[in-house]
Structure formats: structure tokens, C-alpha cells
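Data first, discussion second: the structure below is written as C-alpha cells.
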Amino acid sequence: MTTFIEHTEKNNIVEDILRFSLRILPVVLCLTLVNYFIDPANIYKHRKFDADIFSSLKRGLNVGFDITMSQVDEVYIKKKQIESFDSPKDIVVLGSSRSFTLNQSNFPENSFYNASVSSCKIQDMIGIYNLLRKNDKKPKVIFLGLGPDQFVLKSSLKKDLISEFEEILPLINKRIKWIQILKLKYAYFKHELRRIFNLLSPAYFQDSIKYFNFKLKSRNQLKRSGGIDAKELSWLKQNWKETKSSIANGGVIFPDGSRQWRKKYLTNDTKITLAHVKYNMRFMSRLKLEKHKILKKNRRHFESFLEYLKSEKVAVVFFLPPYHSYEFDYEVARYQRPAVLSVEKYLKDLSKKYNIKIIGSFNPHDPVSGGDQVLVDHHHPSRERVGLILRGLLNH
């Protein structure tokens with residue numbers, strides 16, 4: 001009798017599990033399909049607009065964005081541009097978004113390309129250099145756009161640059177250990193695992209719904225306005241279009257790899273700029289550098305990279321974009337976060353050791369930085385004032 005009851009209870013548990021699974025399955029399926037096919041961040045690479053953007057840039061056209069550039073696969077576009085070069089450039093910029101505004105007009109007598117990507121770490125720079133190296137596009141001069149976070153924070157390589165970094169690592173570090181290669185393999189595996197988990201992410205589902213609603217409204221508005229052909233409608237649906245203008249609501253990418261910032265940031269009104277600074281600083285948790293020192297791994301990779309560039313006879317220039325004075329004083333003076341200053345001192349010491357020129361300063365109060373006049377928001381320099389810094393007109 002007891003055995004029969006136990007067996008019945010087990011059957012009931014199995015039935016409950018099956019019943020629950022059948023109920024939850026449509027929800028999971030819906031979540032997965034919406035996240036995969038709508039894919040607001042283009043994680044699963046459905047949309048082909050990255051290739052279309054590259055095609056426009058290759059034809060010498062600017063690409064303007066109506067909303068945001070965040071969905072652009074920057075590494076893909078940089079890779080395709082580097083592969084398409086007929087010959088090596090005289091000057092190439094490697095850095096983060098703080099280096100985006102360095103552009104061809106700053107170097108009128110030289111061929112130029114800005115290979116910077118958003119949130120670029122030291123290891124990402126090395127990976128991008130490998131793209132230049134293996135495509136026989138090694139430049140004469142490299143501008144390294146540097147920031148404190150690249151040295152004091154743990155870095156995670158961009159997925160599409162892991163293999164590039166792995167390929168060049170034995171060249172820049174002769175004493176590489178197998179554990180380092182294993183860590184790179186694990187980093188790639190984590191990226192892939194994240195892609196899978198994202199399919200079931202409720203947060204990504206919410207983003208997908210918002211993105212779908214936005215696209216639906218945009219399309220209806222365009223249809224009501226009339227006079228727009230199918231090709232232009234396709235461009236606007238993806239938030240971008242070819243343009244001759246250097247100003248757009250969401251920013252502009254130029255054929256030389258540089259960028260212009262969002263239209264609302266391009267103002268000479270210091271009150272408006274300061275409002276942007278205070279707004280953006282609410283989200284700048286990555287700059288919590290009060291206890292952080294330069295990590296040994298970042299130092300080792302950076303100095304090995306400099307040694308390698310020296311052996312390759314590639315000249316190096318350090319570009320140190322300034323912070324806005326409000327952010328700088330808030331981080332350094334008010335909270336006594338010395339990392340910003342210690343990283344600059346470290347780079348100045350390296351510049352003497354390797355005979356490398358430094359342009360600019362993290363400190364906006366230093367005359368060589370140009371102060372707040374070089375910035376469009378909390379820490380991104382404008383194109384015009386960076387040009388003055390590079391020409392030394394702000395250098396006393």
C-alpha cells in the first residue's frame with residue numbers, strides 16, 4: 001500500500017512538472033524569438049546596415065544618425081576599412097571614444113585614419129594594431145588616445161578582437177604563458193555564453209519591445225509624411241543615412257574613421273555643456289578610481305606594446321584628452337581620487353623613457369589641455385579645439 005502511494009505521489013510530481021513546463025514553454029519561446037529577431041543591440045547580426053554603412057564610408061560619404069550610434073558594430077567597420085586601404089596610412093589613431101574627434105583636417109599633409117572604438121582598452125588597441133599589421137597597413141606614426149580607466153580597471157576584450165590579440169600576443173611578449181592563452185579562450189567562451197543567456201533575458205525583452213514600438217512609430221510617421229522612396233525609408237528605419245553634413249541628431253561617422261558628436265552637444269553655451277556634464281556623471285560609475293592603482297597586467301601589456309612598436313620602427317604619440325573641470329575637480333579634488341593624476345605621471349615617465357611626445361593633459365587646468373573649451377560634454381573633446389591643441393596653439 002505504501003509503495004503504491006509513493007508511486008502515485010511521484011507520478012503527481014512528474015505531472016506537475018510537465019504541466020508547469022507546458023505553461024511556461026510558450027512564454028520562454030516568445031521571449032527567445034522576440035529577443036533573437038528584434039535584437040535591438042544587433043547582438044545576433046541580423047541587420048546588414050553595418051555593411052551598408054561601410055559601403056557608404058568607402059565611397060567617401062559621411063554617415064549621419066537620427067538617434068544613436070550604439071547599434072553600430074564598430075570593430076566590423078574598422079576591420080573592413082583597414083582591409084580596403086590601398087596603402088598604409090601615415091598616421092593612425094588608436095583609442096576610445098575620447099579620441100574620436102582626431103581627424104584628417106588635423107593632418108592635412110599626411111594620410112590619416114582614426115581606428116578608435118568606444119570603451120577601447122589597451123588589449124583592444126593591440127588587437128586593432130594586429131589588423132593593421134597582418135593586412136600590411138602598418139602606419140608610420142600611431143597616436144595612442146589614453147585614459148586612466150584603461151590602466152586602473154580590469155579590462156575585458158571586445159569579442160571580435162580576442163583572436164587578434166591572441167595572434168599578436170606572442171610577438172609582443174616573448175615569455176607568454178599558456179595560462180594567458182587559456183584565459184583568452186575562456187573570455188571568448190564567456191562572450192558566447194552571454195549571447196545565449198541574452199535570449200532569455202527579460203531586460204533585453206523590454207528593450208526589444210521598446211525598439212519595435214519606436215520603429216513602428218517611425219515608419220508610420222514617414223508614411224504619413226509622403227514623398228520618401230523605399231531606399232530612404234530603409235535607411236531611416238535603421239536610424240542612419242548618407243549625408244554631406246557634419247552635424248546630425250545622433251552624430252556623424254566620417255570616412256577617415258573620426259566622429260562628430262550628437263547635435264545637442266555642439267553648443268558654445270557653457271551652462272548647457274555643464275548641464276550635460278552633471279547629467280552624464282550620474283552614470284559614470286566606472287570612474288570610481290579612488291583605491292585603484294595601475295594593474296600589473298595592463299602595465300605589462302602596454303609597455304610590451306611600446307617595445308614592439310619601437311622594434312617595428314613605428315613612432316608613437318601619447319594623446320591625453322582632458323576631462324571637464326567640473327568632473328576633474330569632483331573626481332580628484334573632492335574625493336581625493338589620485339588615479340587620474342598617477343596615470344598621467346606614469347605616462348609622462350614612460351614618454352621620457354621611450355622618447356615619446358605627449359599632447360594634451362587629463363587636467364583641464366593645465367594650459368596644454370585647452371580647458372573646458374575643448375569639450376562637448378563631460379570628457380569628449382570637440383573637433384575644432386582638438387585641432388588647436390594638436391597645432392600647439394594652446395601650448396605655453
Side-chain angles (χ1 to χ4, degrees), residues 49-50 52-78 80-81 89 91-108 110-120 128 143 145 147 235-236 238-270 272-277 279-280 319 321-324 359-360 369-391 393-394:
F49 61 84
D50 291 318
D52 295 334
I53 289 172
F54 161 68
S55 177
S56 297
L57 294 171
K58 188 178 179 181
R59 288 185 283 124
L61 296 167
N62 303 338
V63 173
F65 288 75
D66 292 328
I67 305 298
T68 176
M69 300 184 194
S70 61
Q71 297 170 5
V72 175
D73 188 338
E74 296 176 87
V75 175
Y76 169 84
I77 292 173
K78 299 296 181 187
K80 297 298 288 184
Q81 285 186 299
K89 302 295 182 182
I91 299 171
V92 168
V93 180
L94 299 178
S96 67
S97 60
R98 281 161 46 80
S99 304
F100 277 164
T101 46
L102 292 170
N103 63 91
Q104 178 68 72
S105 66
N106 302 138
F107 309 95
N110 304 98
S111 57
F112 171 89
Y113 180 64
N114 192 325
S116 300
V117 294
S118 300
S119 304
C120 186
I128 294 173
F143 275 68
W235 286 344
L236 292 172
Q238 302 298 350
N239 292 338
W240 72 275
K241 55 187 174 182
E242 295 171 341
T243 176
K244 293 181 179 179
S245 173
S246 61
I247 297 176
N249 290 330
V252 178
I253 302 178
F254 299 95
D256 66 2
S258 65
R259 290 193 182 185
Q260 178 62 288
W261 294 104
R262 299 176 68 176
K263 188 176 181 179
K264 71 175 183 178
Y265 289 146
L266 304 180
T267 175
N268 293 321
D269 190 326
T270 55
I272 295 176
T273 302
L274 185 58
H276 291 322
V277 173
Y279 176 79
N280 280 288
F319 175 57
Y323 289 95
H324 191 280
I359 293 176
S369 73
D372 292 343
Q373 292 174 310
V374 305
L375 300 166
V376 294
D377 59 4
H378 52 307
H379 64 193
H380 291 108
S382 67
R383 292 168 72 86
E384 295 76 18
R385 300 297 291 185
V386 163
L388 295 179
I389 292 177
L390 290 173
R391 291 198 297 271
L393 298 182
L394 296 172

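Bear in mind the structure is a predicted one, so any value in this text is a computation, not a measurement.
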Check step by step if side-chain contact (heavy atoms from CB on, under 4.5 Å) holds for Ile128 and Lys78. CA-CA 8 Å; Ile128 294 173; Lys78 299 296 181 187; 5.7 Å; no
Could you give me the CA-CA distance, side-chain angles and deciding distance for Tyr323 and Ser369, then say whether side-chain contact (heavy atoms from CB on, under 4.5 Å) is met? CA-CA 9 Å; Tyr323 289 95; Ser369 73; over 6 Å; no
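The OG atom of Ser56 lies 10.5 Å from the CD1 atom of Ile253; values are rounded to the nearest 0.5 Å. To the nearest 0.5 angstrom, Leu57 atom CG is 10.5 Å from Phe254 atom CZ. Interatomic distance, Asn62 CG to Gln260 CD, rounded to the nearest 0.5 Å: 10.5 Å. The distance from the CD1 atom of Ile91 to the CG atom of Asp256 is 11.5 Å, given to the nearest 0.5 Å. Distance check: Asp52 CG to Ile77 CD1 gives 10.0 Å after rounding to the nearest 0.5 Å.
In this structure the side chain of Leu390 reaches within 4.5 angstrom of the side chain of Leu102, judged on heavy atoms. Counting only heavy atoms from C-beta outward, the side chains of Arg98 and Phe319 never approach each other to under 4.5 Å. You'll find the side chain of Asn103 stays beyond 4.5 Å of the side chain of Asn114, heavy atoms only.
A donor-acceptor pair under 3.5 Å links the side-chain atoms of Gln81 to the main chain of Pro255, judged by distance alone. With hydrogens and angles ignored, the 3.5 Å screen pairs a side-chain donor or acceptor of Glu74 with a backbone N or O of Ser118. Side-chain atoms of Asp73 do not come within 3.5 Å of backbone N or O of Asp50 as any donor-acceptor pair.
The closest side-chain donor-acceptor pair between Thr101 and His380, if any, does not fall under 3.5 angstrom.
Among residues two or more places apart in sequence or in another chain, the ring-ring contact (aromatic ring centres under 6.0 Å, His included) test is passed with Phe107 by Phe112, Phe143. In this view, Gln104 satisfies the side-chain hydrogen bond (donor to acceptor under 3.5 Å, both in side chains) rule with no residue, not counting sequence neighbours. Qualifying side-chain hydrogen bond (donor to acceptor under 3.5 Å, both in side chains) partners for Ser99, counting only residues two or more places apart in sequence or in other chains: none. The side-chain hydrogen bond (donor to acceptor under 3.5 Å, both in side chains) search around Ser96 returns none, not counting sequence neighbours.
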